[in-house]
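Since we're looking at a predicted model, the values are computed, not measured. To find a chain, count down the sequence lines: A is the first, B the second, and so on, and within it residues start at 1.
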Amino acid sequence: MEIPKTYDPKQAEQEHYARWEAEGYFTPEINGDPAAPVFCIVIPPPNVTGSLHMGHALQHTLMDVMTRHKRMCGHKTLWLPGMDHAGISTQLMVNRELKKEGLTRHDLGREKFVERVWQWKHESGGQILNQMRREGASVDWSRERFTMDEGLSRAVREVFVRLYEEGLIYRGDRIVNWCPTDQTVLSDLEVEKTPQAGKLYYLQYPVKTDDGTERRVTVATTRPETMLGDTGVAVNPKDERYRELIGTTIKLPLTNREIPLFADEYVDAEFGTGAVKVTPAHDPADYEMGVRHNLPQVVVIDQHARMTEDAGAEFFGLDRYKARELVVQQFEELGLLEKVVDYEFSISKCERCKTVIEPLISTQWFCRMAELRDLALGLMNETGEPQFTPEVPYAKVYTDWLENLRDWTISRQLWWGHQIPAWYDDEGNVYVARSEEEARSAARTDKLVQDADVLDTWFSSQLWPFSTLGWPDETEDLKTFYPTSVLVTARDIIFLWVSRMVMAGMKFLGQTPFHDVFVTGTVLDKHGQRMSKTKLNGIDPLDVFDKYGVDATRLVLASTGSTDSRWNDNQVESYRNFANKIWNAARFCLMNSEGAGVNSEAFKTENGTELPLHDRWILSRLNRAAREVNDAVNSYQFHEAVQTLYHFFWDDFCDWYIELTKQDVTAEAASPARDTARTRLVTVLEQALRLLHPFMPYITEELWQRLPGVGERLLHPAYKGARPTVMLAAYPQADAALIDERAEGEMAAVIDLISRVRNIRSELNVKPSDRVRVLVGAGEERAREVFEANRDQIARLARASDISVRERLDAPRASARAVLGGGAEVAVPLEGLIDFEQERGRLAREREKLQKEAAKLEAQLANPQFAERAPAEKVNEVKERLADIAGRSAALAQMAEALK
RNA sequence: GCCCGCUUGGCUCAGUGGUAGAGCACUCGCUUCACACGCGAGGGGUCAAUGGUUCGAAUCCAUUAGCGGGCACCA
């Protein structure tokens, strides 16, 4: 036998991907049906610096499941891959490389540095894309994009120019988040707040009085060094304590400046002393107050977080923390330090380097968001798009954020990225244009200097769903694939990316960029902690692939879907076992496939003869599974889809169908009956492999290719002419006519009988090799017919020597007995093995259980309100159950009697 | 501070207004001619607590506790 007993995933993983790719199966062009519905996903472009982590593997699995499913359903399918240039991350990465050579980017200069980044990108960037091949991701590599591609860069400039011309992009001086380490401005979303155990310093400021009497106002601050830049003190207008001081002047210590004390609603009288020092140049809230009250801005901290000349000679050049110490010390010496208390507050840090952010006033480019925000909110109001899954909480989180949106700082002081398409002439006039030529002709001079800054990485990412399809040109791809079908992403970029894509899509194409958004859960470590590089608790998907196989890993990830869950190897192991189960089921089919071949006519019978029960049953189960899986995938219920597939394959197909058909299939002599049984078996297997394929691409392809009788005719009609592959086979759609309640009911009775006999054997320690006699009593004629018709299978699976089916149970006293559903009874004569006392006890316990349940049901029926208010259907159900229990209970009583 | 989510057998998780589910782990038996990554048979949960709505609640509502997450210019 050439098929090994254990499935080795590596072999299949190495074999198929390259062929799929080479055959063009991943491209939408493989679909030859001009009327085919379209399905499109654009990948959330991973950072060019990134390598695959579990979060990617999760997203990619879900996207691939959907893409493969839709492709097999005949959709014209595009999953578009690509990468993000990731401005800051990439620049820092290359900086680190340079540092090893003892260089900084300034040693190279801008042009050489950017060249160097490109070189890095070509040599070691984008590892993640190769890792995606391993995952089996069916992306169209011919459409791979990078945010700095010429086409995408053109889209960026186009958007910038249009927004500028409409006044939605402007340049100005604002207080911004400045990272002193990365030397760039950051948007609010790139700043993280972390709790910080710090101190609250109470500083006393002398009030200037006419009569020379001494009066002081105490202000509280966490950042004493900023007092050097104070240009006012604010109190709440309703605060009685300070009412008479409003309008007076403060003599600012350590400086020779005098600043006003004024009233502003913003001030919370309850907090601190109720008086706030106002530093417009170094605090966002103070900045706002400064604007309201026309306060001067005194800059005392520079871009390197050092004190400026304006901070005073003593402080000039000091680091901000050193300056803090000195300020506090001097206040103490002057007797103006009232107290210092421990205080926990949150501090803003750079998301990337964790440096404490310095709010600074700086000239930057901003994007006005109000109009764009309204486009997104309007869309949500009108069409409910994008439809979030899970809807709770993301739809609300998304709209709440939009409603409170502030202007977006879009410039960055970096070299790697899209340089801002604005040029300045000698006089400082600005020309925003799509190209330098355009700017020159507008400026009527060649002496222009381009703005040195680049755009926030997310400025280009927000265009991804259409820039990748060719926009601003009206390409075929854009017409065909926009809007995309669904966006799959992690929740941490809903604001950074998802919302901005919606705004940009609405603004420039007038349509949502994607109808649905599926938000994945987070894969945590086994202690429930987020996986992170710094904690070193990450699990490398590639290691898991190596250990358990890609397909098994995909099942775990698909099951995870949108819920946070802890990683545990046990689960992967169980799906690894599942893969092995599939392998061996197929192995059995292939070992017995001579004379058989996959055949859509396999279950047709001549002149309408009814199929055997197990055939009708497996068709019913197969079609039911197909219906459930299709519904589940279409509604993003991946966990349910996996469960359905798992139990259909293992329980229905392996445990029952193969066993039931085994005798026919393994008959030694060739015969038409054997061929039929084998053909049916292999046909069901083939359908099962198709159902499984979106989740387990490798093993299904590996096995499908080996099945006898597979070929082009199994492909979805849209893929006519393609080289046969399970990837392009038609995804099984449920045929309602084949879902057969009667067959399932009859099969349930057979299974029940077999299980009861097995139970008796097990409980009474009958040796597996011993055959037993099985006596069945069934009052219903149909039940007797079913048992009779399947007596061979029952006998084999229950290890019975013979089976006798009668209307009434007629068993020797020394028998173990059990009650079946529908009032049937079974007895197994076991002379010498029966302890009558014990047996009566067993029956009594079973009867007790039934009676407990009956009592509950009776109480329910006895409640008049139940009969009145519950639906008749429910009331009937209870009555029927009660009758069934009564029947069984009576039978048990009789059985116990027979043992006396 | 505001908002949100979670709490189901030993573990990891599904589920849902009308008889509590899976996988793993556990117990017993099995070299049954596809598979010990297996086969068969079992044990195990008053679905966090309290109160309410309902004929009926693990499922809906409220409160509480524990855990987790998001948002926020309180100096």
Side-chain angles (χ1 to χ4, degrees), chain A residues 1 3 5-7 175 193 200 219-223 226 234 266-268 270-279 283-289 343 345-346 348 359 390 392-394 396-397 400-401 404 491-492 494-495 522 524 526 528 530 548 552 559-561 563-571 573-592 637 639-640 642-643 646-647 654-655 658-659 662 666 754-755 758-763 765-769 796-797 799 853 856-857 860 863-871 873-875 877-878 881:
Chain A
M1 176 47 35
I3 306 172
K5 277 186 168 188
T6 305
Y7 172 55
I175 193 150
K193 305 266 175 140
L200 192 57
V219 296
T221 181
T222 55
R223 301 195 58 197
T226 62
Y266 162 78
V267 179
D268 177 0
E270 305 296 314
F271 186 88
T273 62
V276 185
K277 60 187 273 311
V278 181
T279 323
D283 181 276
D286 292 3
Y287 174 84
E288 301 288 335
M289 268 197 283
Y343 180 61
F345 60 104
S346 67
S348 299
V392 176
Y394 299 115
K396 186 170 151 51
V397 164
D400 284 357
W401 182 79
N404 297 307
R491 63 172 149 260
D492 49 358
I494 289 177
F495 307 144
T522 309
L524 307 166
K526 64 179 171 187
R530 275 186 102 86
Y548 298 104
S559 296
T560 294
T563 49
D564 291 358
S565 61
R566 299 170 189 216
W567 184 264
N568 70 344
D569 272 11
N570 285 341
Q571 214 188 340
E573 201 176 316
S574 99
Y575 286 126
R576 189 268 322 259
N577 296 350
F578 180 51
N580 195 239
K581 187 73 181 177
I582 296 169
W583 180 258
N584 277 288
R587 182 166 171 263
F588 172 78
C589 298
L590 291 170
M591 281 163 57
N592 298 288
Q637 317 247 298
H639 182 275
E640 188 178 328
V642 171
Q643 290 304 305
Y646 184 95
H647 291 291
C654 294
D655 287 351
I658 290 183
E659 295 304 330
K662 192 174 256 179
T666 57
I754 294 168
S755 300
R758 284 171 170 175
N759 174 252
I760 286 169
R761 298 181 57 112
S762 183
E763 297 229 326
N765 293 318
V766 177
K767 276 195 280 175
S769 50
R796 206 156 31 77
L797 298 185
R799 308 200 133 249
E853 204 188 330
K856 266 204 273 183
L857 296 172
Q860 207 174 353
N863 181 350
Q865 284 171 312
F866 174 66
E868 262 170 53
R869 306 200 187 174
E873 177 201 341
K874 289 290 167 202
V875 178
E877 215 173 86
V878 170
R881 268 169 53 207

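Shortest non-hydrogen contact noted between A:Thr273 and A:Val219 is OG1-CA, 3.8 Å. Smallest separation of non-hydrogen atoms from A:Gly274 and A:Val267: O-CG1, 3.3 Å.
Crowding of A:Arg796 atom CZ: a count of heavy atoms from other residues, nucleotides or ligands under 6.0 Å exceeding 12.
The side chain to side chain donor-acceptor pair (under 3.5 Å) search around A:Glu659 returns A:Lys662, not counting sequence neighbours.
Computed from coordinates, the A:Arg761 CZ to B:G40 C1' distance equals 10 Å when rounded to whole Å. Look at CD on A:Glu288: it is 14 Å from C1' on B:C74, rounded to the nearest Å. Put simply, CD on A:Glu763 is 18 Å from P on B:U27, counting in whole angstrom units. For the pair A:Arg796 CZ and B:G40 C1', the computed distance is 15 Å after rounding to whole Å. Here the C1' atom of nucleotide B:C35 and the CG atom of A:Leu590 are 14 Å apart, to the nearest Å. Between the P atom of B:C13 and the CG atom of A:Asp569 lies a distance of 14 Å, rounded to the nearest Å.
Taking atom P in both B:G66 and B:C73, one finds a spacing of 28 Å when rounded to whole Å. Nucleotides B:C33 and B:G38 place their C1' atoms 14 Å apart, quoted to the nearest Å. Comparing the same atom, P, in B:A48 and in B:C39 gives a spacing of 33 Å after rounding to whole Å. B:A20 and B:U46 have their C1' atoms separated by 11 Å, with the value rounded to a whole Å. Across the C1' atoms, B:U53 and B:C61 are found 7 Å apart, a figure rounded to whole Å. One P atom belongs to B:A49, the other to B:A41, and the distance between them is 34 Å to the nearest Å. Rounded to the nearest Å, the gap between the C1' atom of B:U12 and that of B:A25 is 11 Å. Comparing the same atom, C1', in B:G9 and in B:C4 gives a spacing of 29 Å after rounding to whole Å.
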Quiz prompt | Reading 5' to 3' through nucleotides 18-25 of chain B, protein heavy-atom contacts under 4.0 Å coded B for base, S for sugar-phosphate only, - for none | solution = BB--SSS-
Quiz item: Using a cut-off of 4.0 Å between protein heavy atoms and nucleotide atoms, how would you tag nucleotides 65-71 of chain B 5' to 3' with B, S and -?
Solution: ------S
Exercise. Sugar-phosphate atoms are those with a prime plus P, OP1 and OP2; base atoms are the rest. Using that split, label each nucleotide of nucleotides 29-34 of chain B B, S or - for protein heavy atoms under 4.0 Å, 5' to 3'.
Key: -S-B-B
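In RNA chain B, the stems built from three or more successive Watson-Crick or G-U pairs (distances below 3.5 Å) are B:1-7 with B:65-71, B:10-13 with B:21-24, B:26-30 with B:38-42, B:48-52 with B:60-64.
Mapping A:Asp286 and A:Arg576 onto RNA chain B by nearest heavy atom places A:Arg576 closer to the 5' end of the strand. Ranked by how close their nearest RNA chain B nucleotide is to the 5' end, A:Arg758 and A:Thr560 are led by A:Thr560.
Across all strands shown, A:Lys193 has heavy atoms under 4.0 Å from sugar-phosphate atoms exclusively, and none from any base.
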Exercise. Just do the side chain to side chain contact (heavy atoms under 4.5 Å, CB included) check on A:Lys856 and A:Gln860 with the steps written out, would you?
Key: CA-CA 6 Å; A:Lys856 266 204 273 183; A:Gln860 207 174 353; over 6 Å; no
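Residues A:Gln643 and A:His639 form a side-chain contact, since some pair of their non-hydrogen atoms from C-beta on lies under 4.5 Å apart. Contact annotation: the side chain of A:Thr6 never approaches that of A:Trp583 to less than 4.5 Å [non-hydrogen atoms, C-beta and beyond]. Annotation: side chain of A:Arg491 is in contact with side chain of A:Asp564 (closest heavy-atom distance under 4.5 Å). By the 4.5 Å heavy-atom criterion applied to side chains, A:Trp567 and A:Thr560 are not counted as neighbours. Side-chain contact between A:Thr226 and A:Asp283 is absent, with no heavy-atom pair separated by less than 4.5 Å.
Regarding contacts with the backbone of B:A75, a side-chain N or O of A:Tyr343 is found under 4.0 angstrom from either OP1 or OP2.
In this structure, CG on A:Asn765 lies 13.0 Å from CD1 on A:Ile760, to the nearest 0.5 angstrom. With rounding to the nearest 0.5 Å, the separation of OG in A:Ser574 from OH in A:Tyr646 is 5.0 Å.
Between the side chain of A:Arg881 and the backbone N or O of A:Leu857 there is no donor-acceptor pair closer than 3.5 Å. In this structure, A:Arg758 contributes its side chain and A:Arg799 its backbone to no donor-acceptor pair below 3.5 Å. With A:Asn759 contributing its side chain and A:Ser755 its backbone, the two residues share no donor-acceptor pair below 3.5 Å. No donor-acceptor pair under 3.5 Å is formed between the side chain of A:Arg530 and the backbone N or O of A:Leu524. Using a distance-only test at 3.5 Å, with no hydrogens or angles considered, a donor-acceptor pair links the side chain of A:Asn592 to the main chain of A:Phe588.
A donor and an acceptor atom sit less than 3.5 Å apart, one in the side chain of A:Tyr266 and one in the base of B:C73.
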With the criterion being N/O to N/O and under 3.5 Å, what pairs connect the protein with nucleotides 4-8 of chain B, and how long is each?
none

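Aromatic ring centres of A:Tyr575 and A:Tyr548: separated by at least 6.0 Å.
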